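This report concerns only the one structure given below.
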Amino acid sequence: MADQANPFDSLQEQLDAAAEYVDARDDVLERLKHPERVLETTLSVELDDGSIELFDAYRSQFNGDRGPYKGGIRYHPGVTRDEVKALSGWMAYKCAIVDIPYGGGKGGIEVDPANYSESELERLTRAFAAELRPLIGEDRDIPAPDVNTGQREMNWIKDTYETLEHTTAPGVITGKALDSGGSEGRVEATGRSTMLTARETFAWLGRDLSEATVAVQGYGNAGSIAARLIDEQGGTIVAVSDSSGGIYDPEGLDAEAVADTKAETGSVVDHAGEEISNDELLTLDVDLLIPAALENAIDEALAHDVEADVITEAANGPITPAADEVLADKEVYVVPDILANAGGVVVSYFEWVQNRQRFSWTEERVNDELEAVITDAFDDLVEAHETNGTPTLRTAAYAVAIERVVDAYTQAGNWP
Ligand code: GLU
């Protein structure tokens with residue numbers, strides 16, 4: 001059972017671990033461990049039966065030194081202020097390691113969307129968008145999808161913003177549907193960077209992803225697409241899971257067929273295969289493990305039982321700092337979330353560029369440019385790891401990212 005590490009404490013521990021490899025003043029480093037501001041609001045939403053329900057919602061703007069705040073909005077019953085603060089910090093350093101001109105932000109509403117009708121979710125989303133309006137903008141703060149949100153919610157937020165502002169500003173939000181100003185390749189992008197970073201890591205280790213056995217925890221957008229793309233590369237997906245449980249087939253699962261089953265029945269467990277629990281999946285003896293669900297999936301106790309050689313974090317924050325140490329001692333290579341799942345925000349950046357230019361790219365161009373960004377960032381990470389002898393790839397990634405944010409902060413100077 002995963003522990004309940006506070007994600008904001010985890011973020012700060014990760015930053016502290018990397019700080020010793022960064023040439024910067026302690027007070028500057030301290031500044032870059034806290035968000036610049038957090039909106040906390042209570043949304044009142046009329047339900048279909050005419051009653052009013054209240055929802056806690058947050059938007060954290062962590063750091064804007066490298067560009068507009070950028071990051072998704074999640075709908076989940078476990079959303080808290082500290083979780084959103086942590087996620088916004090991870091976004092700031094994610095945008096820095098892939099070197100796109102954004103700061104970091106994140107939002108969330110404490111809600112289980114499965115319990116509400118589409119019209120209730122639309123009113124909830126528009127209520128949040130109206131609260132966000134003074135804070136967001138194409139050059140200010142640009143939200144995007146995250147857990148349990150997608151094109152539908154992004155389209156509503158764009159429409160609310162544009163209606164209230166009496167303008168068209170598609171770049172105010174990314175992850176939109178194509179006809180609402182979305183980009184080719186955006187839906188696949190998080191899974192694609194997970195596959196690309198796994199491929200690069202195996203090559204760096206002198207191995208080949210096409211010969212790897214793979215387990216995927218979480219079969220939402222990121223997990224299911226990473227599984228399909230790795231399947232296409234020749235890797236063998238032996239196990240997948242979602243919140244209802246998992247399935248295992250040592251001969252290999254057809255990743256796309258499993259996604260079809262989940263779309264039909266609501267869960268991967270309805271697909272053929274031996275049933276296993278999430279903890280069993282996380283401790284399978286596989287070459288590659290992909291946690292693609294929520295924070296804290298692998299805690300210290302579970303880490304002792306992990307048998308994978310490589311882990312690529314498609315989720316944000318799935319490994320606690322204590323678990324990270326255990327995995328490092330066992331020489332498990334962990335490709336950190338801020339690089340492994342950065343494809344989403346990189347293609348969000350491409351979407352925003354296309355929106356600003358009112359010019360659309362082909363899917364091929366999007367995928368080619370994404371691959372170039374991710375492989376360059378991977379090379380930066382490996383160089384930092386090998387030059388500094390950092391204990392983990394995560395620490396190397398943060399060392400590179402923190403240095404970029406420190407430089408922007410220092411060049412701008414403190415205000416006021
Ligand atoms: N929610 C995604 C993430 O955690 C994407 C953010 C974005 O596209 O701005 O990286």
Side-chain angles (χ1 to χ4, degrees), residues 7 11 58-64 66-76 79 83-98 100-109 132 135-151 153-154 157-158 170-177 181-194 196-197 218 220-223 225-226 291-295 312-318 335-355 366 370 373-374 377 397 401:
L11 167 76
Y58 311 89
R59 179 81 183 165
S60 171
Q61 297 183 328
F62 193 88
N63 182 275
R66 301 183 73 257
Y69 309 101
K70 185 83 190 81
I73 293 176
R74 69 172 51 180
Y75 289 1
H76 195 273
V79 163
E83 183 198 38
V84 171
K85 281 163 59 179
L87 289 160
S88 70
W90 285 325
M91 285 308 305
Y93 295 104
K94 186 183 302 187
C95 293
I97 181 73
V98 290
I100 56 175
Y102 287 140
K106 198 73 157 211
I109 305 180
L132 290 173
L135 299 178
I136 62 175
E138 290 185 309
D139 293 310
R140 200 172 284 166
D141 181 355
I142 305 149
D146 198 77
V147 174
N148 290 330
T149 59
Q151 293 181 338
E153 290 74 16
M154 302 306 111
I157 294 172
K158 167 180 173 276
V172 69
I173 195 152
T174 58
K176 304 175 293 290
S183 174
E184 296 284 358
R186 175 62 184 84
V187 171
E188 284 199 345
T190 308
R192 186 168 288 278
S193 65
T194 304
L196 289 168
T197 50
N221 176 264
I225 290 170
L294 292 168
E295 298 93 69
T312 35
E313 296 183 318
N316 289 308
V335 187
D337 46 7
I338 60 169
L339 178 60
N341 71 32
V345 75
V346 171
V347 177
S348 277
Y349 168 54
F350 297 158
E351 178 174 333
W352 179 80
V353 167
Q354 293 170 72
N355 291 155
V366 170
L370 171 62
V373 170
I374 296 295

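Numbering of ligands and ligand atoms starts at 1, following listing order. What you see is a predicted model; the values in this text were computed from it and never measured.
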Rounded to the nearest 0.5 Å, what separates atom CD1 in I136 from atom CD1 in I73? 7.0 Å
T149 versus R74, side-chain donor and acceptor atoms under 3.5 Å: no
Does any non-hydrogen side-chain atom of K158 lie less than 4.5 Å from one of P170? yes
Closest approach of any protein heavy atom to atom 8 (O) of ligand 1, naming residue and atom: S348 OG, 2.6 Å
Looking at CD1 of I97 and CG of D337, how far apart are the two atoms once the value is rounded to the nearest 0.5 Å? 11.5 Å
Over all heavy atoms of both residues, which pair between Y69 and G104 is shortest? Give the atoms and the distance, please. CD2-O, 3.5 Å
Considering only heavy atoms of M91, which atoms of ligand 1 have at least one such atom less than 4.0 Å away? 3 (C), 4 (O), 6 (C), 10 (O)
Those atoms of ligand 1 less than 4.0 Å from some heavy atom in G344: 8 (O)
Looking at G71, is its backbone amide N or carbonyl O close enough to the side chain of D146 to form a donor-acceptor pair, meaning the two atoms are under 3.5 Å apart? no
Between N341 and the options T194, T197, N316, the side chain to side chain donor-acceptor pair (under 3.5 Å) test singles out N316
Tell me, which protein residue and heavy-atom name are nearest atom 5 (C) of ligand 1, and how many Å apart are they? R186 NH2, 3.6 Å
Hey, mind stepping through V366 and S183 against side chain to side chain contact (heavy atoms under 4.5 Å, CB included) and telling me if it holds? CA-CA 8 Å; V366 170; S183 174; 3.7 Å; yes
E351 and ligand 1 - part of the residue with a heavy-atom distance under 4.0 Å: neither
Which of the ligand 1 atoms, numbered from 1, are nearer than 4.0 Å to a heavy atom of P145: 1 (N), 2 (C), 5 (C)
R186, E351, K70 screened by side chain to side chain donor-acceptor pair (under 3.5 Å) with T174, the one that passes: K70
Interfacing atoms of ligand 1 (cut-off 4.0 Å, heavy-atom, K106): 1 (N), 3 (C), 4 (O)
Can you report which non-hydrogen protein atom sits closest to atom 7 (C) of ligand 1, along with the distance? A144 CB, 3.3 Å
Ligand-side contact atoms (ligand 1) for residue partner D146, heavy atom cut-off under 4.0 Å: 1 (N), 2 (C), 4 (O)
Protein residue, atom and distance nearest to atom 9 (O) of ligand 1, heavy-atom basis: K70 NZ, 2.8 Å
Would you indicate which of A315, A222, G317, G72 comes nearest to atom 6 (C) of ligand 1 when only heavy atoms are counted? G72
Below 4.0 Å, non-hydrogen atoms only: which portion of I142 touches ligand 1? Side chain, backbone, both or neither. neither
Per-residue contact class, A342 against ligand 1 - non-hydrogen pairs under 4.0 Å: neither
Flag N341 as yes when one of its N or O atoms lies below 3.5 Å from any N or O atom of ligand 1, and as no otherwise. no
Interfacing atoms of ligand 1 (cut-off 4.0 Å, heavy-atom, V345): 7 (C), 8 (O), 9 (O)
Closest non-hydrogen atoms of W352 and P68, given as atom of the first, atom of the second and distance, are CZ2-CG, 4.5 Å
Taking 4.0 angstrom as the limit and counting only heavy atoms of G71, give me the atoms of ligand 1 inside it, by number and element. 9 (O)
Does ligand 1 have an atom under 4.0 Å from some heavy atom of R74? no
Could you tell me the separation between the SG atom of C95 and the CG atom of N63, rounded to the nearest 0.5 Å? 10.5 Å
Nearest to atom 10 (O) of ligand 1, what protein heavy atom do you find, and at what distance? K94 NZ, 2.7 Å
